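The next block holds one structure in the form of structure tokens; read it before the comments.
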Amino acid sequence: MQPIMIKGFINNRDELLVLHIDNIAYLLADGNYTKIVYIGGIQVVITMGISKVEEIIRQQIGSDAPSKFVRLGRSLVINQKFLHHINVTKQKLTLFDGNKNTLTLQLPKQLLRTYKQELCEE
């Protein structure tokens, strides 16, 4: 039996974007725009702030379910489901889907150090 795919919708005057929430690797803010990057590498840029996109995702997941999405700094939200590797020295965070798709983000050392400590304390 196939697992249920969680979807969200972003609707504006000219288009409808269907978010396949389970496959979102990360969100990256750029002012009033948000880049949505899927684990397979597909990227979509929308004219909506990252906080609003987070809110849409949380509404679809449900408030009582623990969120797999975590905010790292002001401009990045990652899907912890894909977290594979953190290398503080090389300033890299790697997301991997367990098959063939890998994404590597270059992030500040302090951000990675703090995130790594938080994960180890859980």
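In this chain, numbering begins with 1 at the start of the sequence shown. What's counted below: heavy atoms across the whole structure, side chains too, no hydrogens, waters or symmetry copies. Keep in mind the model is a prediction, meaning the values are calculated, not measured.
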Cluster question for you: counting only ILVMFWY and a side-chain heavy-atom cut-off of under 4.5 Å, with indirect links fine, are [X] and [Y] together?
{"X": "Phe96", "Y": "Leu107", "result": "no"}
{"X": "Leu17", "Y": "Val53", "result": "yes"}
{"X": "Ile21", "Y": "Val70", "result": "no"}

Could you state the interatomic distance from CG (Leu105) to OH (Tyr26), rounded to the nearest 0.5 Å?
-> 5.0 Å
How many angstroms lie between atom CG of Leu28 and atom CG of Leu72, to the nearest 0.5 angstrom?
-> 11.0 Å
Is atom CG of Asn87 surrounded by more than 12 heavy atoms (other residues, nucleotides or ligands) closer than 6.0 Å?
-> yes
So, Gln110 and Thr114: side-chain donor and acceptor under 3.5 Å apart, yes or no?
-> yes
For residues 34-46, dump all side-chain donor-acceptor pairs below 3.5 Å to protein atoms at least two apart in sequence or in another chain.
unit_1	atom_1	unit_2	atom_2	d
Thr34	OG1	Met48	O	2.6
Thr34	OG1	Ile50	N	3.0
Lys35	NZ	Gln43	OE1	3.4
Tyr38	OH	His20	N	3.3

For Arg71, what residues pass the salt bridge (Lys or Arg N to Asp or Glu O under 4.0 Å) criterion, not counting sequence neighbours?
-> Glu54
Inspect the contact between Glu55 and Arg58 and indicate whether a charged nitrogen and a carboxylate oxygen are less than 4.0 angstrom apart.
-> no
I would like to know whether Ile57 and Leu27 meet side chain to side chain contact (heavy atoms under 4.5 Å, CB included); could you show each step before the answer?
-> CA-CA 11 Å; Ile57 289 171; Leu27 308 172; 4.0 Å; yes
Of all the heavy-atom pairs spanning Gln106 and Lys90, show the shortest one and how long it is.
-> NE2-O, 3.2 Å
Donor-acceptor contacts, no H, no angles, side chain residues 75-86, under 3.5 Å, sequence neighbours left out:
unit_1	atom_1	unit_2	atom_2	d
Asn79	OD1	Lys81	N	3.0
Asn79	ND2	Ile24	O	3.0
Gln80	OE1	Tyr115	OH	2.8
Lys81	NZ	Asp22	O	2.8

